[in-house]
Amino acid sequence: MHFEHRKTRALELLSSTGMAPSHYAPPLLRLLWKAGVQVAPPHFQSFLRTTLGMGLFFGTFWGLAMWLVVWPLQAAARPPSPMTAFLAASAAGLLFGLAMSTVYARDRRKHQLPAWTALDGK
């Protein structure tokens, strides 16, 4: 019950800031909620957790797309080794995760959002 109350309160607060719903409740997050996964909106997660979550998701799918679609089509160049592909995907994921964490942290400060645990009492 705590999670649903916090989530409702968080979404109300985020909505009142004028942000687009796709920014504070991205489609992947809404799918996780429908699947029963209890994860806070990104504005209420720690910088590290946001970096890891966004980075792992992006790095995995970017790496797979590059491995299966882009690199095989580059006939003139040799495709990278699996280790090089893994490192490239990891770097892309880390950069994306850091960038998104920075955006969410900036919005959190800009809109003076409370901590996730502080949403119980309101």
Side-chain angles (χ1 to χ4, degrees):
M1 186 61 185
H2 286 292
F3 174 77
E4 286 301 321
H5 174 74
R6 286 178 182 173
K7 182 179 94 170
T8 301
R9 181 70 180 127
L11 293 177
E12 288 170 356
L13 282 170
L14 291 165
S15 176
S16 72
T17 65
M19 281 187 253
S22 61
H23 181 61
Y24 62 78
L28 177 63
L29 186 62
R30 284 182 273 152
L31 282 174
L32 290 173
W33 288 338
K34 284 185 182 187
V37 179
Q38 295 185 347
V39 60
H43 290 87
F44 292 93
Q45 294 181 19
S46 71
F47 191 88
L48 179 62
R49 186 171 188 173
T50 304
T51 300
L52 291 175
M54 296 274 185
L56 284 171
F57 175 76
F58 181 83
T60 300
F61 287 98
W62 181 86
L64 285 173
M66 292 298 286
W67 185 260
L68 297 173
V69 178
V70 176
W71 289 324
L73 296 177
Q74 295 177 338
R78 244 181 38 173
S81 70
M83 180 54 78
T84 304
F86 174 77
L87 291 174
S90 297
L94 178 63
L95 291 173
F96 180 80
L98 286 170
M100 292 307 296
S101 293
T102 302
V103 168
Y104 287 124
R106 184 200 66 208
D107 284 349
R108 186 171 42 246
R109 280 190 307 274
K110 177 182 173 185
H111 298 292
Q112 299 175 348
L113 297 172
W116 177 248
T117 54
L119 295 174
D120 279 337
K122 296 185 178 190

Check against side chain to side chain contact (heavy atoms under 4.5 Å, CB included), Leu13 and His43 = CA-CA 11 Å; Leu13 282 170; His43 290 87; over 6 Å; no

Would you sort out whether Lys110 and Thr17 count as a side chain to side chain contact (heavy atoms under 4.5 Å, CB included), showing the intermediate values?
-> CA-CA 10 Å; Lys110 177 182 173 185; Thr17 65; over 6 Å; no

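In this structure, the side chains of His23 and Val103 come closer than 4.5 Å at one or more pairs of heavy atoms. Side-chain contact between Trp116 and Ser46: absent, with no pair of heavy atoms (C-beta onward) separated by less than 4.5 Å. A 4.5 Å side-chain heavy-atom check between Ser81 and Phe86 finds every atom pair outside the cut-off. Counting heavy atoms from C-beta on, the side chains of Leu119 and Phe44 come closer than 4.5 Å. In this structure, the side chains of Leu14 and Leu113 come closer than 4.5 Å at one or more pairs of heavy atoms.
For the pair Gly63 and Ala89, the tightest heavy-atom approach, listed with the atom from each and the gap, is CA-CB, 3.7 Å. Residues Arg30 and Ala25 come closest through the heavy atom pair NE-O, 2.8 Å. For the residue pair Ala40 and Phe3, the shortest heavy atom distance occurs at N-CE1, 4.1 Å. Listed here is the closest heavy atom pair of Pro41 and Ala10: CG-CB, 4.1 Å.
Met66 and Leu95 fall into different hydrophobic clusters, where Ile, Leu, Val, Met, Phe, Trp and Tyr side chains are chained together by heavy-atom contacts under 4.5 Å. Residues Val39 and Leu11 are members of one and the same hydrophobic cluster, defined by side-chain heavy-atom contacts under 4.5 angstrom among Ile, Leu, Val, Met, Phe, Trp and Tyr. Criterion: ILVMFWY side-chain heavy atoms under 4.5 Å apart, direct or through other members. Under it, Leu29 and Leu31 are not part of a common hydrophobic cluster. Under the 4.5 Å side-chain heavy-atom criterion for Ile, Leu, Val, Met, Phe, Trp and Tyr, Phe58 and Leu68 are members of the same hydrophobic cluster. Phe96 and Leu56 end up in different hydrophobic clusters when Ile, Leu, Val, Met, Phe, Trp and Tyr side chains are linked at under 4.5 Å.
Listed by chain and residue number, Phe47, Arg108, Arg109 satisfy the side-chain contact (heavy atoms from CB on, under 4.5 Å) test with Ala105 (two or more places apart in sequence, or in another chain). For Ala91, there are no side-chain contact (heavy atoms from CB on, under 4.5 Å) partners two or more places apart in sequence or in a different chain. The side chain to side chain donor-acceptor pair (under 3.5 Å) search around Ser22 returns none, not counting sequence neighbours. Residues satisfying the ring-ring contact (aromatic ring centres under 6.0 Å, His included) criterion with Phe61, sequence neighbours excluded, are Phe57. Applying the side-chain contact (heavy atoms from CB on, under 4.5 Å) rule to Thr60 yields the partners Leu64; only residues at least two apart in sequence or on another chain are considered.
How far CE of Met54 is from CZ of Arg49: 12.0 Å, rounded to the nearest 0.5 Å. The line from NE2 of His111 to CZ of Arg106 is 8.0 Å long, rounded to the nearest 0.5 Å.
The side chain to side chain donor-acceptor pair (under 3.5 Å) contacts involving residues 85-105 comprise Thr51-Ser101, where partners must be two or more places apart or lie in separate chains.
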